[in-house]
There are 2 protein chains.
Amino acid sequence: MKPDKTPAAKKQPRRKSAAARASRAGPGARGGGRKARSAGRREAILAAALEEFSARGFEATRLDDVAKRAGVAKGTIYLYFRDKESLFQELIRAMLTPLVGTIEAMGAADLPVAALAERIVDLFVREIFETRRADVIRLMISEGRRFPKLAEFYYREVLSRIIAAMRAILRRAAARGEVPQALVDFPQLIAAPGLVAIVWGGLFERYEPLDVRKMMRAHIDLLFAPRRAA
Amino acid sequence: MKPDKTPAAKKQPRRKSAAARASRAGPGARGGGRKARSAGRREAILAAALEEFSARGFEATRLDDVAKRAGVAKGTIYLYFRDKESLFQELIRAMLTPLVGTIEAMGAADLPVAALAERIVDLFVREIFETRRADVIRLMISEGRRFPKLAEFYYREVLSRIIAAMRAILRRAAARGEVPQALVDFPQLIAAPGLVAIVWGGLFERYEPLDVRKMMRAHIDLLFAPRRAA
DNA sequence: TATAAATGACTGACCAGTCAGTCAGTCAGT
DNA sequence: ACTGACTGACTGACTGGTCAGTCATTTATA
């Protein structure tokens, strides 16, 4: 043992250098008050978590990687989220909850279904399929089974409300004879191609690209084409 | 070194007792020749793997648990499968490959689509939805993204062939005016509710049960109902 | 200066994959 | 028919590596 310069040098290989660290932190680290910076950190962590979770799945994601991507030390994650699962749940909650309002609002304007269907397809493609929300839904589908709490939350706060909104619209339309009763019983049939699009996009896009807009259009044409029998 | 009874007794706290082990091994362990027993073991491991993988997902599954469930030591798994991933791929391959033939055979009998649709719904419910194959498809959906090899295999050997078979059927039906052209372009639209059924079954069944047969029936009624415009 | 925020080395648990050792079954030689 | 050497299927303790979560220490802010 050589005492050398430092008296008790048992574990001091710390601190790279203040300068190096200061220049590394991402946006939100510099901003105004504590509040603002804190919120920025939280966002950065969520964004990084989205990348990592959707690339690797829940189990295979390392919080070290999330931290690195967020420009933050691992410990910092634990200042904002209780644990890994909590971070995961919060991510899904934050991404999907806003959808509900948008869709419920759609039912308010009492349009003919054809026009409504148009809008819904557009909404789906622009706000879900072409955004990170598609990844989050893929995560929900992939991991939901092992997080019953999360599945329940998602069913209660998102799915059931979307289904209820769709039923309300469809019931009115059915009363006008615009759609068959079957759709009121199974609104899932309307959304089904959306699910196909999301799953296909994740798995087979590279082998056989799918023109989602065209498929959705074909689907609503099929459903709402005028029929001979009532 | 003492020759003694055992030559090298460096670490020998092994072997519970021959009797204990003999009475533990499951079916297939006793049977006829080496071949038969070997095949039995393989089956037992695959069955156990199905249980564990579909309950926990790929990453979270421990091979110790698979071994225990199969009534086998962990090392034995490595006599039959190269590694964990290999076991996983083999499981999916073994469960889904047989489907192709069945579905391709369906196209052979040149029935009217309505009758065919009937049969296909029945096939789906009985041979997929109500069996372990549904779990395997859920696994494929959940994990496929992180196993591109597996996704490609599945696309090439299963999906693309099923789609091709469906297209052949639909093209004939479209020529007879039984279905709209759109379905030939997007056979996915026919299968979409099947995907919904599988995903729903895994995530939300307990919160809102879904009558799959009824939904599928409603779906084919919608698609094949007689239309005013050609 | 006092307080809060952030850091990252460290710990304990966990687990895929390995391999030295064991044993049931086989069969050539008697 | 019996024996004992041989084979290879099977076992499970062990290793090496990984990673979630902690906390003593350092840095930034009020």
Side-chain angles (χ1 to χ4, degrees), chain A residues 8-22 24-26 28-42 44-45 49 52 56 58-68 70-88, chain B residues 5-26 28-42 44-45 49 52 56 58-68 70-88:
Chain A
K10 196 159 54 175
K11 34 173 172 172
Q12 49 73 273
R14 297 290 191 77
R15 309 296 95 185
K16 297 171 175 187
S17 95
R21 246 174 321 104
R24 150 157 85 26
R30 264 303 85 177
R34 294 257 248 245
K35 272 262 189 61
R37 188 161 65 257
S38 181
R41 283 268 151 101
R42 205 187 131 89
I45 293 168
E52 296 291 329
R56 298 187 222 303
F58 178 80
E59 289 280 349
T61 290
R62 283 158 302 192
L63 289 191
D64 277 307
D65 291 347
V66 173
K68 193 182 294 179
V72 137
K74 180 152 66 136
T76 306
I77 293 176
Y78 289 86
L79 298 176
Y80 293 90
F81 303 93
R82 194 164 26 63
D83 55 17
K84 191 184 181 185
E85 189 171 329
S86 191
L87 169 61
F88 183 68
Chain B
K5 281 181 182 176
T6 49
K10 196 159 52 178
K11 31 175 173 169
Q12 45 74 270
R14 299 289 191 76
R15 307 295 97 185
K16 298 171 175 186
S17 94
R21 245 177 320 104
S23 70
R24 157 161 74 30
R30 254 325 63 185
R34 294 256 246 247
K35 271 263 189 63
R37 186 158 68 256
S38 181
R41 282 271 152 99
R42 206 186 131 91
I45 293 168
E52 295 292 328
R56 298 188 220 301
F58 178 81
E59 289 280 350
T61 290
R62 283 158 302 189
L63 289 192
D64 276 307
D65 290 346
V66 173
K68 194 182 295 177
V72 137
K74 181 152 66 138
T76 306
I77 293 175
Y78 289 87
L79 298 176
Y80 292 90
F81 302 94
R82 194 164 25 62
D83 54 17
K84 192 183 181 185
E85 187 172 330
S86 192
L87 169 61
F88 183 67

d(CD, B/E52; C1', C/dC15) in whole Å: 14 Å
Nearest-Å distance for atom pair NZ/P, residues A/K68 and C/dA6: 20 Å
Could you summarise the pairing of DNA chain C as dot-bracket text, marking Watson-Crick and G-U pairs under 3.5 Å with ( ) or [ ] inside the strand and | across strands? ||||||||||||||||||||||||||||||
Per-pair distances, 0.1 Å, donor-acceptor, side chain in residues 70-80 of chain A, under 3.5 Å, sequence neighbours excluded:
residue : atom : partner : partner atom : Å
A/T76   : OG1  : A/A73   : O            : 3.3
A/Y80   : OH   : A/S38   : OG           : 3.4

Assuming nearest nucleotide by heavy-atom distance, tell me which of A/R82 and B/T76 is located more 5' along DNA chain D. B/T76
Euclidean distance, atom CG of residue A/L79 to atom P of C/dA4 [Å, nearest integer]: 13 Å
Results of salt bridge (Lys or Arg N to Asp or Glu O under 4.0 Å) for B/E85 - residues two or more places apart only: none
Minimum heavy-atom separation for B/R56 to B/T61, with atom names? CB-OG1, 3.7 Å
For B/F81, ring pair (Phe, Tyr, Trp, His ring centres under 6.0 Å) partners two or more places apart: none
At their closest point, which heavy atom of A/V66 faces which heavy atom of A/I45, and how far apart are they? CG1-O, 4.0 Å
Sugar-phosphate, base or nothing in reach of A/Y80, heavy atoms under 4.0 Å: sugar-phosphate
Here the gap from B/E52 atom CD to B/F88 atom CZ, rounded to the nearest 0.5 Å, amounts to 13.5 Å
Check nucleotides 17-20 of chain D against the protein and report each pair of N or O atoms closer than 3.5 Å, with its distance, or say if there are none.
residue : atom : partner : partner atom : Å
D/dC19  : OP2  : A/R62   : NH1          : 3.4
D/dA20  : OP1  : A/T61   : O            : 2.9
D/dA20  : OP1  : A/K84   : NZ           : 3.3
D/dA20  : OP2  : A/L63   : N            : 3.0
D/dA20  : N7   : A/K74   : NZ           : 2.8

Note: B/E59 and B/K84 closest approach over all heavy atoms is O-NZ, 3.2 Å
Could you tell me the separation between the CD atom of B/E85 and the P atom of C/dG17, rounded to a whole number of Å? 9 Å
Indicate whether OP1 or OP2 belonging to D/dC10 is found under 4.0 Å from a side-chain N or O atom of B/R41. yes
